[in-house]
Amino acid sequence: AFCQAVCEGVAAQKKLYQLGMVAQPLMSFEEMMSAVPEECKTGDPSKDLHEDMDEYEDGGMVALDDQSGTPLKPSMVAKARREEIDYFKAMKVYEKVAIDECWLETGKAPIAVRWVDINKGDEARPNYRSRLVAKEYKNDVRPDLYAATPPSECLRLMISKLAENGAYKMLYADVSRAYFYAKAIRPVYVKLPDEDVEPGDEGKCGKLLMSMYGTRDAAQNWSMEYSATLVKDGYVQGKANPCLFWHPKRDISVMVHGDDFVAVGTESDLRSTRATLENKYKIKVETLGKGPGCKDEVRILNKIVRYTNEGVELEADPRHAELVIKELGLEGAKLSKVPGTKETKKKTKDDKTEVAEVLYEDEIRSEEDEFVMAVSDSSMEAQREDGAENDEELEPMEARRYRAVAARLNYLAPDRVDIQFAVKEAARVMSKPRRSHWALLAKIGRYLIGRPRVIARFPWQSPRAIVTTFTDSDWAGCSRTSKST
């Protein structure tokens with residue numbers, strides 16, 4: 001316990017340093033009195049020196065948005081946290097028990113918790129949300145806690161089915177705080193947040209009765225919960241993927257991704273699906289289609305789905321392209337007509353050894369652009385000498401930035417077929433990126449400047465009895481590894 005307290009103290013101090021906060025000597029009473037303007041003196045300098053009384057009453061809290069890092073008003077954060085604690089109590093997420101029970105059951109201390117504070121609105125119209133999450137780290141391999149997610153192609157298949165019948169509509173349901181509906185299966189104990197510590201709670205922790213965000217089996221418990229709900233209502237669960245369901249009598253197809261439900265069927269049949277979910281969960285519902293109460297555009301998994309006279313359209317979240325360009329520092333950079341170029345093989349004079357040259361016809365490094373590293377002639381010469389990349393491996397922090405951009409592109413690629421090959425090439429080196437690999441991301445980034453959006457159209461079609469797929473493989477296409485690309 002002592003070591004843990006020391007580590008927590010060090011971590012807290014580091015965070016204060018990152019915020020630019022440095023400890024200052026305490027002021028004496030006389031110094032505080034002299035610092036208060038004459039017109040503001042009430043005899044209590046501790047209060048006189050705090051202009052924002054709401055912040056003072058919140059214990060001098062420093063609050064930052066966990067997504068944007070912008071400062072948040074402490075009094076509003078405190079209110080949002082109190083609402084979250086009230087919701088925890090209403091859902092009976094945990095019961096308070098002695099910490100000794102935790103040690104006896106698990107042999108470990110209770111799992112730490114943290115607050116995630118976000119302003120989902122803006123400064124003019126703030127909408128503060130605070131979520132209490134557990135900090136259970138993955139320190140061993142537990143395949144028994146695995147929870148499946150549907151492949152990205154499933155949404156495209158659902159849209160394709162929607163385009164087969166003009167009477168079909170698409171229902172999108174978002175379950176609020178889904179994990180709180182799933183019972184805890186294994187014994188899990190968490191520390192009590194300061195906001196829920198009451199007189200007599202000394203030496204107590206929280207034993208989970210329902211699943212909590214941040215615990216390793218929460219997603220699996222939730223998948224078991226919604227699967228039981230749908231199966232009980234007559235749905236057949238998929239064998240290839242347990243996140244897919246089909247109702248044989250109503251011909252309703254359902255895809256579940258986390259707490260998001262997507263269903264395709266006729267309006268009358270979708271009413272039964274909505275009723276099934278509303279009877280057990282608190283949900284927000286949108287319906288895509290034509291008619292009363294329907295919308296012609298909805299966001300599903302942050303992707304835009306539109307219902308038009310010509311068919312249905314799918315567009316990837318355009319914010320990802322904007323963020324990639326910003327993270328690469330390419331605002332105002334020269335456009336690229338293609339997202340990447342394949343390797344071209346050439347033979348040496350002895351006609352025995354093959355070497356590879358990556359062609360980036362306009363990859364030029366500007367003086368002010370220190371983030372993007374193009375493939376230089378010298379590095380290409382080194383590749384010709386031994387067939388390997390001799391340029392430096394990225395430093396840990398820089399490698400992390402490379403992986404972050406590549407991961408964002410990897411998320412974008414399934415809905416951007418025009419960049420899939422180039423993104424795959426950039427992702428191949430994520431384990432050990434080198435300086436020359438920045439050229440792969442730069443190429444894609446400059447291509448996205450000119451083509452930030454791509455819309456996939458699903459025209460109205462007749463029902464398909466056979467699924468036709470196309471594939472291609474460049475056998476031994478990689479000259480360095482001789483692997484297929």
Side-chain angles (χ1 to χ4, degrees), residues 65 67-70 118 120 122 149 151-156 159 172 257-258 260 288 296-308 311-342 358 360-366 368-375 394 398-430 433 436-458:
D65 191 302
Q67 283 188 342
S68 64
T70 56
I118 299 173
K120 304 192 79 171
D122 51 36
T149 55
S152 59
E153 295 81 7
C154 288
L155 179 59
R156 303 172 75 90
I159 296 175
Y172 172 59
H257 191 289
D260 297 319
L288 181 71
D296 56 9
E297 179 178 306
V298 298
R299 276 187 173 269
I300 300 176
L301 304 176
N302 287 327
K303 303 174 184 181
I304 303 171
V305 184
R306 300 187 187 88
Y307 195 95
T308 69
V312 187
E313 297 179 350
L314 173 64
E315 180 181 353
D317 188 348
R319 293 176 298 178
H320 289 296
E322 298 170 4
L323 289 171
V324 167
I325 295 169
K326 182 179 180 181
E327 290 167 359
L328 290 173
L330 293 174
E331 296 95 334
K334 182 180 178 181
L335 307 185
S336 175
K337 296 182 180 179
V338 293
T341 48
K342 288 184 63 176
V358 185
Y360 293 96
E361 71 280 359
D362 52 357
E363 205 69 73
I364 302 174
R365 187 185 183 191
S366 60
E368 68 275 6
D369 189 2
E370 298 180 356
F371 188 60
V372 179
M373 179 66 180
V375 179
L394 295 180
E398 201 173 2
R400 186 177 302 173
R401 295 170 72 184
Y402 181 96
R403 295 187 186 105
V405 177
R408 187 180 296 278
L409 287 169
N410 214 23
Y411 179 81
L412 179 66
D415 300 309
R416 289 290 302 261
V417 294
D418 54 331
I419 65 172
Q420 285 181 352
F421 181 85
V423 171
K424 183 263 297 180
E425 289 297 301
R428 288 177 62 196
V429 298
M430 284 179 66
S436 63
H437 293 143
W438 282 119
L440 301 173
L441 297 182
K443 191 78 169 180
I444 301 172
R446 291 191 295 107
Y447 174 79
L448 292 176
I449 295 175
R451 296 167 181 80
R453 300 172 59 189
V454 167
I455 297 175
R457 291 190 173 92
F458 296 75

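Ile159 CD1 to Cys154 SG: the interatomic distance, rounded to the nearest 0.5 Å, is 11.5 Å. Rounding to the nearest 0.5 angstrom, the gap separating the CG atom in Leu409 from the CD atom in Glu327 is 9.0 Å. A distance of 8.5 Å separates CG of Asp260 from CD1 of Ile300, quoted to the nearest 0.5 Å. Taking NE2 from His320 and CG from Asp415, the interatomic distance works out to 9.5 Å, rounded to the nearest 0.5 Å. Expressed to the nearest 0.5 Å, how far CG of Leu330 lies from CZ of Arg446 amounts to 7.5 Å. Here Glu425 contributes atom CD and Ile444 contributes atom CD1; the two are 9.5 Å apart, rounded to the nearest 0.5 Å.
With a 4.5 Å cut-off on side-chain heavy atoms, Ile455 and Leu314 do not count as touching. By the 4.5 Å heavy-atom criterion applied to side chains, Asn302 and Arg319 are counted as neighbours. Taking 4.5 Å as the limit, some side-chain heavy atom of Arg408 sits within range of a side-chain heavy atom of Leu323. Side-chain contact between Pro414 and Glu153 is absent, with no heavy-atom pair separated by less than 4.5 Å. A heavy-atom distance below 4.5 Å is found between the side chains of Ile304 and Pro318. Within the 4.5 Å cutoff, no side-chain heavy atoms of Glu313 are placed close to those of Tyr307. At a threshold of 4.5 Å between non-hydrogen side-chain atoms, the residues Gln420 and Arg416 do not count as touching.
Across Ser152 and Lys303, no two heavy atoms sit closer than the pair CB-NZ, 4.4 Å. Nearest heavy-atom pair across Leu328 and Gly445 is CD1-CA, 4.1 Å. Taking both residues in full, the closest heavy atoms of Pro433 and Ala399 are given as CG-CB, 3.9 Å, listed atom of the first, atom of the second, then distance. Here the closest non-hydrogen pair linking Leu441 and Ala426 is CD2-CB, 3.7 Å. Among all heavy-atom pairs drawn from Ala407 and Met430, the shortest one is N-CE, 4.4 Å.
The aromatic rings of Trp438 and Tyr402 stand perpendicular to each other, their planes meeting at an angle above 60°, with 30° marking the opposite boundary.
Each of Val454, Leu412, Val338 was scored for a side chain to side chain contact (heavy atoms under 4.5 Å, CB included) with Ile419, with one residue passing: Leu412.
In this structure, a donor-acceptor pair under 3.5 Å is absent between the side chains of Tyr411 and Asp317.
With respect to Glu331 and Lys326, no salt bridge is recorded, no charged nitrogen being found less than 4.0 Å from a carboxylate O. A salt bridge does not link Asp418 with Arg451: none of the charged nitrogens is closer than 4.0 Å to a carboxylate oxygen. Ion pairing of Arg306 with Glu315 is present here, as a side-chain N (NZ or NE/NH1/NH2) and a carboxylate O approach within less than 4.0 Å.
Atom CZ of Arg299 sits in a crowded spot, with more than 12 heavy atoms from other residues, nucleotides or ligands closer than 6.0 Å.
Side-chain atoms of Thr308 come within 3.5 Å of backbone atoms of Gly311 as a donor-acceptor pair (strictly under, hydrogens ignored).
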